[in-house]
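Beneath this line is the structure, given in structure tokens, with notes to follow.
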Amino acid sequence: MATATSIVRSPAALLSAKVTVSDHKPTPTVQFSRFPSKRSCFTALLSSLHDNNDDDDNNNNVISHPKPLSSSQLFNSVSNGSRLRVAYQGVRGAYSEAAAEKAYPNCEAVPCDQFDSAFQAVEKWLVDRAVLPIENSLGGSIHRNYDLLLRHSLHIVGEVKLAVQHCLLANHGVQLEDLSRVLSHPQALAQCENTLTKIGLSREAVDDTALAAKHVALHKLKDTGAVASSSAAKIYGLNILAQDIQDDCDNVTRFLILAREPIIPGIQNPFKTSIVFSLEEGPGVLFKALAVFALRQINLTKIESRPLRNQPLRAADDNNGSKYFDYLFYVDFEASMAEERAQNALRHLKEFATFLRVLGSYPVDTTMM
């Protein structure tokens, strides 16, 4: 078995270290998306949402807003330095914008059209931070952002938990019985499935809840509503037909705060540390990896596995000719990298891990506990 290089002892160095071994270097590419593939019947709708703002200018009832940054536009943008600039995915009125403003109440929230654009905006010094969703209490993990964490070199410096409260929005004068369909993000539609089924609305997915609200307002649709936030209703001049339509009231999304440099971990307040590692195949190897935390009374709060990209199937050590996939394991645990037990746990893990990277050690968001 290949042995890894020695783990760095300094907490600050640990946060920025990317430790690999020469014969097993993961080079992941982003192929998974949080959203389903475009439906042919919905192509015109999606393309109209990303057209120039000419339609906005011709619509006196809808306020024109800046379009999200795309990857091709990133190099044309600069920070004016007046306020902390925080990137988020979506358009104005998105839940991600609310999370950015919760994390930094006086920030300038900068919309980006894709998750990858938000990562790039931070890396290119166009913004100071990015606030991106990583998991939802009902919908589960946001796999694309897990993949992007490894693809990019940003550090997790905090987390934000946001209670999601969905509303059914429509243009003024439109009654509930006038609606035949509703637009929203796939997860939002899934989270309101029972309510929407009772009303009898067909569902069509778009990339963002606020984008759905913007489309309904922009085109003055009379038979179509949107599932989005109350903030989106105010921004796009829509009427709220029903509030809190999610099937489960405990609907919380956890967001990560990303920056170019790590923060210095402390021990005065509750801290959480996020890591990613890979292992050789073998009986009990994952158990052995997780035991390094249990032995030191370190609580794990999240375990996620993702395929190790660009790695061929490997033959198992048996006579059956079986093959298996290689995986990366993302783990969050309740300890600061300033604590000796956390350093010892990672030093222990490094003895048999083929790859280990500390994504960040950061304060826990205790506002919803």
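Owing to the predicted nature of the structure, the values given are computational and were not obtained by experimental measurement.
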With the threshold set at 4.0 Å, does a side-chain nitrogen-carboxylate oxygen contact exist between [X] and [Y]?
X: Asp147; Y: Arg306; value: yes
X: Arg254; Y: Asp332; value: yes
X: Glu304; Y: Lys302; value: yes

Mind checking the [atom1]-[atom2] spacing from [X] to [Y]? Nearest 0.5 Å is all I need.
X: Leu241; Y: Asp178; atom1: CG; atom2: CG; value: 9.0 Å
X: Phe333; Y: Ser274; atom1: CZ; atom2: OG; value: 8.0 Å
X: Glu339; Y: Ser361; atom1: CD; atom2: OG; value: 8.5 Å
X: Lys222; Y: Gln175; atom1: NZ; atom2: CD; value: 11.0 Å
X: Gln89; Y: Arg144; atom1: CD; atom2: CZ; value: 9.5 Å
X: Ile199; Y: Ile245; atom1: CD1; atom2: CD1; value: 6.5 Å

Got a donor-acceptor contact below 3.5 angstrom from the [X] side chain to the [Y] backbone?
X: Ser117; Y: Asp113; answer: no
X: Ser202; Y: Ser180; answer: yes
X: Arg203; Y: Leu201; answer: yes
X: Asp128; Y: Arg85; answer: yes
X: Ser137; Y: Val252; answer: yes
X: Arg181; Y: Thr224; answer: no
X: Asp247; Y: Glu193; answer: yes

Are side-chain N/O atoms of [X] and [Y] paired as donor and acceptor at under 3.5 Å?
X: His152; Y: Glu123; result: yes
X: Gln191; Y: Asn136; result: yes
X: Ser336; Y: Lys272; result: no
X: Thr354; Y: Ser278; result: yes
X: Asn344; Y: Arg341; result: no
X: Asn251; Y: Gln246; result: no

Does [X] belong to the same Ile/Leu/Val/Met/Phe/Trp/Tyr cluster as [Y], with side-chain heavy atoms less than 4.5 Å apart forming each link?
X: Tyr88; Y: Leu84; result: no
X: Val358; Y: Leu300; result: yes
X: Leu238; Y: Val227; result: no
X: Tyr236; Y: Val174; result: no
X: Phe115; Y: Val164; result: yes

Minimum side-chain heavy-atom gap [X]-[Y] below 4.5 Å:
X: Arg357; Y: Leu150; answer: yes
X: Ser229; Y: Cys167; answer: no
X: Leu149; Y: Ile134; answer: yes
X: Leu189; Y: Val182; answer: yes
X: Leu168; Y: Leu176; answer: yes
X: Leu132; Y: Leu256; answer: no
X: Glu334; Y: Thr301; answer: yes
X: Arg92; Y: Lys214; answer: no

Quick one: closest heavy-atom pair of [X] and [Y], and the distance?
X: Gly90; Y: Pro111; answer: O-CB, 3.2 Å
X: Leu169; Y: Ala228; answer: CD1-CB, 3.8 Å
X: Arg129; Y: Ala259; answer: CD-CB, 3.7 Å
X: Ala232; Y: Ala213; answer: CB-CB, 4.1 Å
X: His166; Y: Ala188; answer: CE1-CB, 3.6 Å
X: Leu349; Y: Ala289; answer: CD1-CB, 3.7 Å

* Check the pair Asn171 / Val216 against side-chain contact (heavy atoms from CB on, under 4.5 Å), numbers first and verdict last. => CA-CA 7 Å; Asn171 282 296; Val216 170; 3.6 Å; yes
* Go through Leu148 and Arg151 one step at a time and tell me if the side-chain contact (heavy atoms from CB on, under 4.5 Å) criterion holds. => CA-CA 5 Å; Leu148 289 173; Arg151 178 178 176 181; 4.2 Å; yes
* Asked: So does Glu340 have more than 12 non-hydrogen atoms from other groups sitting under 6.0 Å from CD?
  -> no
* To do: Taking the six-membered ring for Trp and the full ring for Phe, Tyr or His, determine whether the centres of Tyr330 and Tyr146 are under 6.0 Å apart.
  => yes
* Less than 6.0 Å separating the ring centroids of Tyr95 and His185? -> no
* Residues Thr253, Glu135; criterion side-chain contact (heavy atoms from CB on, under 4.5 Å); working and verdict -> CA-CA 6 Å; Thr253 298; Glu135 61 177 326; over 6 Å; no
* **Matching residue for Met337 among Thr273, Ile264, Ile267, Ile275 - test: side chain to side chain contact (heavy atoms under 4.5 Å, CB included)** => Thr273
* Decide yes or no on side-chain contact (heavy atoms from CB on, under 4.5 Å) for Val86 and Glu108, but give the supporting numbers first. => CA-CA 6 Å; Val86 182; Glu108 178 187 352; over 6 Å; no
* Please determine which of Phe329, Phe355, Tyr327 meets the ring pair (Phe, Tyr, Trp, His ring centres under 6.0 Å) test together with Phe277. => Phe329
* Quick one: does NZ or CZ of Lys288 land under 6.0 Å from the six-membered ring centre of Phe352, within 45 degrees of the ring axis? -> yes
